[in-house]
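Notes for the one structure printed next.
Each ligand, and each atom within it, is numbered from 1 in the order the structure gives. Residue indices begin at 1 and follow the sequence shown. The figures here come from the full heavy-atom set of this structure, side chains too, leaving out hydrogens, waters and symmetry mates.
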Amino acid sequence: MRYDLLIRGGTVVDPSQGLHDVRDVGLSGGKVTALEDAIPADSAKEVLDADGLIVTPGLIDLHVHAYWGVSTYGIDPDVSNLSKGVTTALDAGSAGALTFGGFRRHTLERARTRLFALLNISAMGIVSSEIGELEDSRWADVGLAVEAGAANRRYVKGIKARLGRHILGESSDIEMLKRAVGAAEGFGGFVMIHVGNSPSPLPKLMSMLRPGDVVTHSFHGFGDGVLEDSGAVVEGMKEAQGRGVVIDLGHGGGGFSFRSAEKALANGVLPDTISTDIHNVSIEGPVYDFASTLTKLMHLGMTLDEVVRRSTEIPARVLGLEGALGTLRVGAEGDVTVMREEEGRFGLVDRLSTATMMGSMAWEPGVWVEASRRLVHVHTVKGGAVYRPWL
Ligand SMILES: [Zn+2]
């Protein structure tokens, strides 16, 4: 047989090739080996019928929490990612230098999801939701982070710094960010900052980032975000984005607001990458899964091609894996996501509504909207094979 797997008759949406048309995808040896108008069904060991469905490169989620059992937000990555159509995911700082060994052995090396990680600048990582990992700044040890990052370079793509008051306590966000950038430079990675409830203004924090560094929770709904009246945040985002800083969505339980995102989009700031921040508090809503997150951006006016590009081609580039991931070009890894676009009436919510306070910070309730179409995950293909954990 010429192919191990043939995905037939679907509408292939692959922005890396400017493609949005019906195509057949042939996979063998774990790679994409054909992308053609029509491939005979008898040339493959297995045929997946994608008639009426959308076929995209395997989705890439740049913000997940995957250290089950140790980090307070952790979920088994195959449950929250691969089962939901996400073939590649980046854990956003669950482990730090002193907890990374266990994360590597028990999670990164075992996951069937193609899993990478950002090392938390705090050597303990995200252990507790109540005690911030940077409240004692001694945990932010640059030397330890550089050593752990370099020793685990196969998995570690950079450094995560969570710069909210509830994580920092009395520590300075500017100082913590300086250490994060220093550590990332020490082993050649990028920095991702969590913003929202940060002591310093967002434009100030963004000005410290380098091209390729990432801001997550960019459209959060706290008072210090893009809703600020002065417009300074939107201008700061435009300036940062213009010089190559990545504006990431990072939905999470409270990292996304319809009103903020609407305002940003109306002012010409689109997220460069769409990520879920899926964790054990957000997975039962408001996030649910990656397809629901894409649906929200489409509800705000982005096209299917625009959201797919920001969840395939661009995150692959952020990870330094363009060409191998985020594309269905012949020769790329055989990662494919199959979704269905449905029409109807669908309720979507942007934030957790149950939480009322987070530390000293008031939490605004979630906003519900009604969408007329949605994306639903149907199949995940990873490394050339259909993911069927039940077999
Ligand atoms: Zn997160």
Quiz item: Taking side chain as C-beta onward, heavy atoms only, is Val64 less than 4.5 Å from Leu90?
Solution: no

Quiz prompt | N/O/S from His194 sitting under 2.8 Å away from the Zn ion (ligand 1) | solution = no

Practice problem: Determine, step by step, whether Asp78 and Thr113 satisfy the side-chain hydrogen bond (donor to acceptor under 3.5 Å, both in side chains) criterion, reporting the C-alpha distance in whole Å, the side-chain angles of both residues, the deciding distance to 0.1 Å, and the verdict. | Solution: CA-CA 6 Å; Asp78 297 343; Thr113 305; 2.6 Å; yes

Quiz item: Have Ser137 and Ser171 got a donor and an acceptor in their side chains that come within less than 3.5 Å?
Solution: no

Quiz item: Are Arg373 and Glu342 within salt-bridge range, i.e. N to O under 4.0 Å?
Solution: no

Quiz item: Would you say His63 reaches the Zn ion (ligand 1) with an N/O/S atom under 2.8 Å?
Solution: yes

Quiz item: Tell me, which N, O or S atom in Asp277 is closest to the Zn ion (ligand 1)?
Solution: OD1

